[in-house]
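Sequence lines set the chain letters: A, B, ... in the order given, protein chains first and strands last, and positions in each chain run from 1. As the structure is a prediction and not an experimental result, all values here were calculated from the model.
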There are 2 protein chains.
Amino acid sequence: MDHKDAIAATMTALADPTRRDIIDRLRGGPLPVGAIAKTMPVSRPAVSQHLRVLSDAGLLSVTPSGNRRLYAIAPDGVDALRQYLDGLWDDALAAFARATQDQAKGKQDE
Amino acid sequence: MDHKDAIAATMTALADPTRRDIIDRLRGGPLPVGAIAKTMPVSRPAVSQHLRVLSDAGLLSVTPSGNRRLYAIAPDGVDALRQYLDGLWDDALAAFARATQDQAKGKQDE
DNA sequence: ACAAATGGTAAGCGATGACTTACGGTAAGT
DNA sequence: ACTTACCGTAAGTCATCGCTTACCATTTGT
């Protein structure tokens, strides 16, 4: 399933703390690579590699502007993860309700 | 911030594909370790270690039942990630709207 | 045309992590 | 009491990943 691969890529992309830091830098709007790296404890190539991972995961969009490349958060990529978690949330609540209901009826698992 | 650490733990826990598989097995309701491991390509200790990570992240709850231990999805842990993504979603949309608006006004970045 | 700036990529290194086998410990069956 | 079932933990191995330094391409400024 192509959709599950997208979820996997998005999840692993967001798992790294440095990449979440980059995402936080972009919350205010698009930024070029140098501006991001200047406020971070890692080198610029490291930031570049992280931006690649985030872009491949669909979390960032890139718009070349002359000499620089502006990176911005892509709402669609974030939404994919949101839908996954919403589904997980629904199932968790349903299972929880069913478990407590079964417990009230005195049924143990079989 | 303790809250950000919780997000980090939850995110790294969900980043592993095997752990997401385990989560999927638990969507229907609580299961003991052996039942999970029997339907998975990895060994039972591996599953046990993954369950530990998921529990520490607050994504699973454990209820010892006699000889076995029943693992279930914890809605609260899922909700923490949902809130994080909702905030990211809001900021992304706001930044996107502002960027297009600035572009309409002809302002380039400074 | 030359120099400076911006940024992606390759190679190599160190650390983290996922898995296995082996072991111990507790609860249930006979 | 003994055996079996269920499960967590320790030790060790192998792959993956994040980082750095070097290098190269492209674009802007003079």
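Taking only side-chain atoms of Pro45(A), from C-beta outward, the nucleotide of dC7(D), dA22(D), dG18(D) with the closest atom is dA22(D). Checked against dT20(C), dA18(C), dG7(C), the side chain of Gln49(B) finds its nearest nucleotide in dT20(C). Which of dT20(D), dT9(D), dC19(C) sits closest to the side chain of Arg52(B) comes down to dT9(D). Ranking dC19(C), dT20(D), dG7(C) by closeness to the His50(B) side chain, first place goes to dC19(C). Candidate nucleotides dG8(C), dC19(C), dA18(C) were compared by shortest atom distance to the side chain of Ser48(A), and dG8(C) ranks first.
The two residues Leu70(A) and Pro30(A) come nearest to each other via the heavy atoms CB-CB, 4.4 Å.
Residue Tyr71(A) has a polar side-chain atom (N or O) positioned under 4.0 Å from OP1 or OP2 of dG8(C). Remark: Thr18(B) is in phosphate contact with dC19(C), judged by side-chain N or O atoms under 4.0 Å from OP1 or OP2.
Between the P atom of dG18(D) and the CG atom of Asp21(A) lies a distance of 14 Å, rounded to the nearest Å. In this structure, the CG atom of Leu51(A) is 7 Å from the P atom of dG8(C), given to the nearest Å. When the C1' atom of dA5(C) is taken as reference, atom CZ of Arg68(A) falls 11 Å away, rounded to whole Å. When rounded to the nearest whole Å, the span between CZ of Arg44(B) and P of dA5(D) equals 13 Å. Rounded to whole angstrom, the span from the CG atom of Leu14(A) across to the C1' atom of dC17(D) amounts to 16 Å. The CG atom of Leu70(A) sits 15 Å away from the P atom of dT27(D) (whole-angstrom rounding). Rounded to whole angstrom, the span from the CZ atom of Arg69(A) across to the P atom of dA25(D) amounts to 17 Å. Going from atom CZ of Arg20(A) over to atom C1' of dG18(D) covers 14 Å, rounded to whole Å.
Mapping Asn67(A) and Ser43(A) onto DNA chain D via the closest heavy atom, the residue that lands nearer the 5' end is Ser43(A). Between Pro41(A) and Val33(B), the one whose closest nucleotide on DNA chain D sits nearer the 5' end is Val33(B).
Considering only heavy atoms from C-beta on, Ile73(A) stays 4.5 Å or farther from Asp91(B) through its side chain. Looking at Ser61(B) and Tyr71(B), their side chains never come closer than 4.5 Å, going by heavy atoms from C-beta outward.
Comment: Arg82(A) does not engage Asp86(A) in a salt bridge, judged by the lack of any side-chain N to carboxylate O separation of less than 4.0 angstrom. Under 4.0 Å is where a charged nitrogen must lie from a carboxylate oxygen, and between Asp24(B) and Arg20(B) no such pair does.
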